[in-house]
Every structure is written in structure tokens, then in C-alpha cells.
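Inspection log for the structure reproduced underneath, given as C-alpha cells.
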There are 2 protein chains.
Amino acid sequence: MRQGKKARSTQRREDSLSPDRIVEASIALLDSSGEKGLTFRALSERLATGPGAIYWHIASKNDLLTAACDAIVARTMSAPVDDATPKATIRALALAMFDAIDAHPWVGSALTRAPGQLPMVRVLERIGQPLRALGVPDEEQWATVSALLSYILGVGGQNAANTHFAREQGLDRTNFLNEVSTVWSQLDPDEYPFTRSVARRMSAHDDRVDFLVGIDLMLDGIGVARGR
Amino acid sequence: MRQGKKARSTQRREDSLSPDRIVEASIALLDSSGEKGLTFRALSERLATGPGAIYWHIASKNDLLTAACDAIVARTMSAPVDDATPKATIRALALAMFDAIDAHPWVGSALTRAPGQLPMVRVLERIGQPLRALGVPDEEQWATVSALLSYILGVGGQNAANTHFAREQGLDRTNFLNEVSTVWSQLDPDEYPFTRSVARRMSAHDDRVDFLVGIDLMLDGIGVARGR
DNA sequence: ACCTGAACACCGTTCAAGT
DNA sequence: ACCTGAACACCGTTCAAGT
């Protein structure tokens, strides 16, 4: 039944526009040239169409960014994570988000700019379940996930800013952090003793390890709060 | 000696431009009409000059935003906080930053976008000192402040996003959060049980209290890490 | 030294007109 | 139903020209 002319007229031409194709092209553009690389003109050129065509499928640039972000987050959060303990699961999920934002820095700011929307909800849900399993009482669950999410977003945002800044100056991340470290160690010793003392370790740090330190701090804190 | 023509020629006319005046006008603009309200045209109109004039004093819009951010952060971090214990001091400093970002939402994103620069360093230094007093060993100090900072930035960013979104839709924060809560409680029960269960508490929450929950989680975690 | 304001090279978004 | 592409109302930034 679904063949011949009838099917043909319902089907999209292979190269026609669709929200999915637009989102995929956006991701490619964002990954290759950063947040400011995503323009309707560049996008429509890549899709061999006019800028106006995109508006038939997507309401605004903001929506487009959120949709692109959601595509990445959905992939990341749908990956199976079956670790032994709830804490290990939370760690694994947090790390997965860290890696996703590291690979797609623009996801960090996109997530922040879409509070309460689908991408955030995916993360909230996925982290919330093991949190419940941890035994955090109902009244404390919101504040606890919220804190974990904020931390993940915070680190993600700073990571994105670091890579963005580095790229802007034509350096790689390591060189950029080394430069910051140098500036820090030349600060006034009376005004900035702590920053100076920590400068060298900052440039030598492993982002992923540091990220987990924060997660563990919070997970340990959950234990304390529960009187363990 | 410093009078008459000589002084006059060195002195600025009272209404002449200066980095300080530009930054103050920028803050006013940012507070009243948000991040997208800060344009060189609006700014130069407010300062009764041309757009080009500003570039004599400030290198770029990015620098301007960072300078405005730094003015707020400097004020916030220079306020005296003499609490009994190091933990209480960290709490008070974190809360001061929370309140500053709450009053000036744009500071959140500006801070994130200026990694390793002066505004961040001020916060780093101020929180680092009590952290050292807490007895956190040298090797762990960077990762620990870094985690606290990331959390503060993360919460600040989300707060900024919430107020921005609310403003965009012509709602106040409370109404905006209520709307989000409603959407959440209508999500699919099989796919989003946790989000649904937490929806009501989310809209009823007190941002400041939730913020402190996260800080305390981390401070408690520091205790655990040190074997206390 | 500092300011003016037109001009340049962009944006997101809209919309009449096409197929 | 979907696409085209010119046009609108903006941006940040530059720069010759002024004082």
C-alpha cells in the first residue's frame, strides 16, 4: 500500500531540509568553529539553501542551540552505566557529562542558557535516580541534585571558557594555562599569596582528576549529612 | 603648585570620558537592561559621545564586560568578613558572591568568560586563605578551591539564566519557576519519575538555602577527606 | 591627546514571491 | 508545504577627520 506515487509524495527527498539535518549540520559547525561559527548564513550555505529556509523548521537561533545541545546530552545520558554502587554511577554519569562538554565546549554554555529545559532534565533524571538509591531523604533530594548539577555546569562552563580563550589566542589549552600560571606567579606577594602559591599546581593539573575531586567532595558530604 | 593653568590642563574636564565613567555607565546599563542591553551605541548615547570615543579608553566589548564584572567582584570581595571559623568565612564569602550575582546576573556569565583573569583571582584568593587555615594540605588546595569556585560559578550561571529567561517571558522568577515545575510534573512517569517527584520542591525552593546546601556538602566533604 | 561620526562587515529575523 | 533571497534593523569595530 505504501508504495508508488503515494509513498513518494509523503516521503522527503533525500536532500531536503529537516530539523534533524539542520541540527546535525549545526553540531558540525559548532564543533569546528565554535559558538560564533554558528550563523544562519554559514548554516544555510552548508545545507545548500537560503537563510530563510531554516526558519521553516526551527523557530530561532536559541532553539537551534538548545536542540543541538539536547542531541549531544541525549546521546551522553542514554549510554548505559551499570556500576556497582549508586555513588559509582553518579561519578560515571558526571564524568560522561564532563567528557561530552570537553568534546563539545559549546554544550556547556548552551546547557546553562536553557534552565529547566529538556537537556537539563535528562541529566537531572539520570543523576537523581542513583541519588535516591543512595538513601537521600525526599526533602533533601532536590537541593542535592541541584548542587551536583550546578557543579557539573560550573566546571563545564570554565572548561569551555578555557578552550575558547585558548583558541582565540591561537594557543592550545596547555600553553594557555601555562601563560595564566605565569601571570599568577608574578602577582603581588602581599595581596595574592594564595594565588601565587597555587599557580604552579594549577597549570599542571588534570582537569578530569580535579573534576572528580569536587564530585567526591560532594558525595562524601552527602555521607556526612546522613550521619554516616 | 598644582593650580592655575597647569593643573587645569592636566585635569580632566568633569564630564570627560574615563575608563571609570565608562565602566559605571556599563554597569547601570547591564543592570537595567541585561547583557544584550550593553551596546556601544546605547553606551555612547548615555555618555553623550560617539561610539568610537569609547575605543580610546577600552579595547573591546569583552574587556568592557570584564572590567564591569571586576568592579562588582572587587567591591564584593573587599567587604570585611570576620567570622569565627574558616568554614564560616568560606560560607560567608560564597554567600556574598551569590548575592552579588543575584543582584547583577550578568556578572555570572562575565566571570565564566574570563577564566584566570583578575575577577576570578580575587575570589580565588579570598576563599583560598581560609581554606589553607582549614588545614587542607598543599597538594589538595588547588583542586579544592577550584571545586568551590566551579560550584559558585555554576549556581551563579543558572541563577542568571533563570532571571534572564523569566525577564524574556515577562514573568518574575517565581512565576517562571512555577511554569517549569508544571511542565516537569506533566512529564512521562516512566521516563522521568525522579524529575516529576522533585518538581514541586523545585519551585518552592529558596535559592540561597539551596546554594548553601551545596557549599556545606563540599565543606563536609573536605572534613571527610581529611579523615575527620 | 582625545573625540566625532560615517562606513565596513557582519548579524538574526522577516516576508513577499516563487515552486 | 516548503523554499528563495532580498530587505530590515540591528551589531562591534575602524578610521579619516577634526579640536
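Note on naming: letters A, B, ... go to the chains in the order of the sequence lines (proteins, then strands), and numbering restarts at 1 for each one.
- Rounded to a whole Å, the NE2 atom of B:His57 is 13 Å from the P atom of C:dA1.
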Go ahead and write out DNA chain C as dot-bracket, 5' to 3': ( ) for pairs within the strand, [ ] for ones crossing earlier pairs, | when the partner sits on another strand, dots for unpaired; Watson-Crick or G-U wobble, both distances under 3.5 Å. ||.|||||...|||||.||

Below 3.5 Å between N/O atoms, which protein atoms pair up with nucleotides 12-19 of chain C? Just atom names and distances, please.
{"residue": "C:dG12", "atom": "OP1", "partner": "A:Leu38", "partner atom": "O", "Å": "3.4"}
{"residue": "C:dG12", "atom": "OP1", "partner": "A:Lys61", "partner atom": "NZ", "Å": "2.6"}
{"residue": "C:dG12", "atom": "OP2", "partner": "A:Phe40", "partner atom": "N", "Å": "3.1"}
{"residue": "C:dG12", "atom": "N7", "partner": "A:Arg41", "partner atom": "NH1", "Å": "2.8"}
{"residue": "C:dG12", "atom": "O6", "partner": "A:Arg41", "partner atom": "NH2", "Å": "2.7"}
{"residue": "C:dT13", "atom": "OP2", "partner": "A:Tyr55", "partner atom": "OH", "Å": "2.7"}
{"residue": "C:dT13", "atom": "OP2", "partner": "A:Lys61", "partner atom": "N", "Å": "2.9"}
{"residue": "C:dT13", "atom": "O5'", "partner": "A:Tyr55", "partner atom": "OH", "Å": "3.0"}

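- Shown here for A:Leu43 and A:Ala25, the closest heavy-atom pair between the two residues is CD1-CB, 3.7 Å.
- Annotation for B:Trp142 and A:His205: closest pair NE1-ND1, 2.9 Å, computed over non-hydrogen atoms.
- A salt bridge does not link A:Asp172 with A:Arg167: every distance from a Lys NZ or Arg NE/NH1/NH2 to an Asp or Glu carboxylate oxygen is 4.0 Å or more.
- A heavy-atom distance below 4.5 Å is found between the side chains of A:His164 and A:Glu168.
- The shortest side-chain heavy-atom distance between A:Leu124 and B:Tyr192 does not fall under the 4.5 Å cut-off.
- Ring orientation note: the planes of B:Phe176 and B:Phe165 are tilted relative to one another, at an angle of 30° to 60°.
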What verdict does the side-chain hydrogen bond (donor to acceptor under 3.5 Å, both in side chains) test give for B:Glu35 and B:Ser109, after you've listed the backbone C-alpha separation in whole Å, the side-chain angles of each residue and the deciding distance to 0.1 Å? CA-CA 9 Å; B:Glu35 205 146 346; B:Ser109 34; 3.0 Å; yes

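- Under a 4.0 Å N-O distance rule, the pair A:Arg208/A:Asp102 does not qualify as a salt bridge.
- Distances shown here put every side-chain N or O of A:Trp56 at or beyond 4.0 Å from the OP1 or OP2 atom of D:dC3.
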